[in-house]
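Protein chains get the first letters and strands the later ones, always in sequence-line order, with residue 1 at the start of each.
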There are 2 protein chains.
Amino acid sequence: MPRQVDHDERRRRIAAAVWRLAAAGGLEDATVRRVAAEAGVPARQLQYYFGSRDDLLLGALDLLNRDGEAEAQQRVAALGATPAPREVLRSILLELLPLDESRRQRQLVHAAYFVRFLADDGLRERIRDTPPELEALIALLLPEQHRDEADFLLAGAAGLQGAVLLGQMSAERAVELIDRQLDRLFPAAA
Amino acid sequence: MPRQVDHDERRRRIAAAVWRLAAAGGLEDATVRRVAAEAGVPARQLQYYFGSRDDLLLGALDLLNRDGEAEAQQRVAALGATPAPREVLRSILLELLPLDESRRQRQLVHAAYFVRFLADDGLRERIRDTPPELEALIALLLPEQHRDEADFLLAGAAGLQGAVLLGQMSAERAVELIDRQLDRLFPAAA
DNA sequence: CACGTAGTGATACGGTCGTACCAGAATGGA
DNA sequence: TCCATTCTGGTACGACCGTATCACTACGTG
């Protein structure tokens, strides 16, 4: 075998360029040539490592999701060995808010893919699974009769994400609103 | 003056084509030529009635918002002369869900514009005003100490919109979740 | 030390993009 | 009637798009 190269590193470098462009101006700004320029590699490399443009956008999204899940699990793990259910739930909900540049960019990229999710069959599969999974996890953390509250809590966090991204609400306020809901669902007496 | 033509009708016809394309495939599908074909008019007319492509997208968004507000007010008015606060609030929240094709398309178009809202200064102004206005309205309908609940309720409805659009949740379930929250905030005793 | 393979680099092609341009058709007021 | 003006239609241009192609370099293995 000739010249060995770190494929994953190359793909990640290119994917990161896709993220930056998509977060800043939507998917239409993530053209092959522009992504190549942003990544600092010849356009030919995108063909070699991803294939067509659609494959590139798909691959970049997969890497983004992998990163996101890893970050989220890391933050949950940081809560300690036997964290209180409330703190686990809080950590999951806060994962949906753009509380740092990493989450903010990830959520912007997701927003850029949003409409395409609906039209593209391949993409639709890639998200229809995730949030029911989240719902189930949250349901585990709340008393069983709170199923409705769990679902609405998740939706609320997602909605707050939008408001914060658009600058309509501060991140601090969003966190405060979530904490107020948690206060209600986890009474101090318990 | 020569040949008089209904400008508003032309603009609306073209804008509707923008909506259909943007809702189906995102803003990048709304090219000048494709919009013209979808609207059934020569591409030259888009130039004449809107100017540049950016002006077209901006104008189409304005028309969309005007339509949305009119529809919403109409539905609120349909509640009768002196509707109960709970019903007004419910109507406003349901306006955020894709409960019919009109709302669904409008919300999809908004989603298509979302990332662009953040980058484009002209667009950012066009939305930063609206939802604080909504927050204030909702605050009026709830007891004053429920400010946090009002804000979270609004966020929850927005989050449910995303889940329903993505097919992760049925519209009926979303309405049910909102009604459960309203049950809590408007105790039967009151 | 070759040789076959992994990876690079440049370029070319057909298509579509947004927009400028211009000649002409239609029509209300003089 | 005829002119000024509103509106239409077609076309042309340069830029950029995604992708295919092909010659080339570099290197682990035999």
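- A sub-4.0 Å separation between OP1 or OP2 of dG9(D) and a side-chain N or O of Y48(B) is absent.
- Considering only side-chain N and O atoms, Y49(A) lies under 4.0 angstrom from the phosphate OP1 or OP2 of dT8(C).
- Taking 3.5 Å as the limit, the base of dT19(C) and the side chain of R44(B) contain no donor-acceptor pair of atoms between them.
- The interatomic distance linking R34(A) (CZ) with dC17(C) (C1') rounds to 12 Å, in whole Å.
- In this structure, Q145(B) places its CD atom where more than 12 heavy-atom neighbours from other residues, nucleotides or ligands lie under 6.0 Å away.
- Q45(A) has no side-chain polar atom (N or O) that falls below the 4.0 Å cut-off from OP1 or OP2 of dG7(C).
- At a cut-off of 3.5 Å, with distance as the only test, no side-chain donor of E135(A) or Q168(B) sits close to an acceptor on the other residue.
- For dA6(C), the OP1/OP2 oxygens have no side-chain nitrogen or oxygen of H7(A) closer than 4.0 Å.
- Atom-to-atom, CZ of R33(B) to P of dA12(D) comes out at 13 Å; the value is rounded to the nearest Å.
- For dC17(C), one of the phosphate oxygens OP1 or OP2 lies less than 4.0 angstrom from a side-chain nitrogen or oxygen of T31(B).
- Annotation: side chain to side chain donor-acceptor pair (under 3.5 Å) contacts of R11(A) (sequence neighbours excluded): none.
- Between Y49(B) and H7(B), the ring planes are perpendicular. Angles over 60° get that label, and only those under 30° would be called parallel.
- Paired regions of DNA chain C, where each region holds three or more successive Watson-Crick or G-U pairs whose two hydrogen-bonding distances fall under 3.5 Å, are C:1-24 with D:7-30, C:26-29 with D:2-5.
- Defined by atom type and a distance below 3.5 Å, a donor-acceptor pair is present between the side-chain atoms of E149(B) and Q181(A).
- Q47(B) places its CD atom 13 Å from the P atom of dG9(D), with the value rounded to the nearest Å.
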With a 3.5 Å cut-off and sequence neighbours excluded, list the donor-acceptor pairs that the side chains of residues 54-61 of chain B form with protein atoms.
residue : atom : partner : partner atom : Å
D54(B)  : OD1  : R116(B) : NH1          : 3.4
D55(B)  : OD2  : S52(B)  : N            : 3.4
D55(B)  : OD2  : S52(B)  : OG           : 3.3

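- Between R53(B) and the phosphate of dA20(C), there is no side-chain N or O to OP1/OP2 separation shorter than 4.0 Å.
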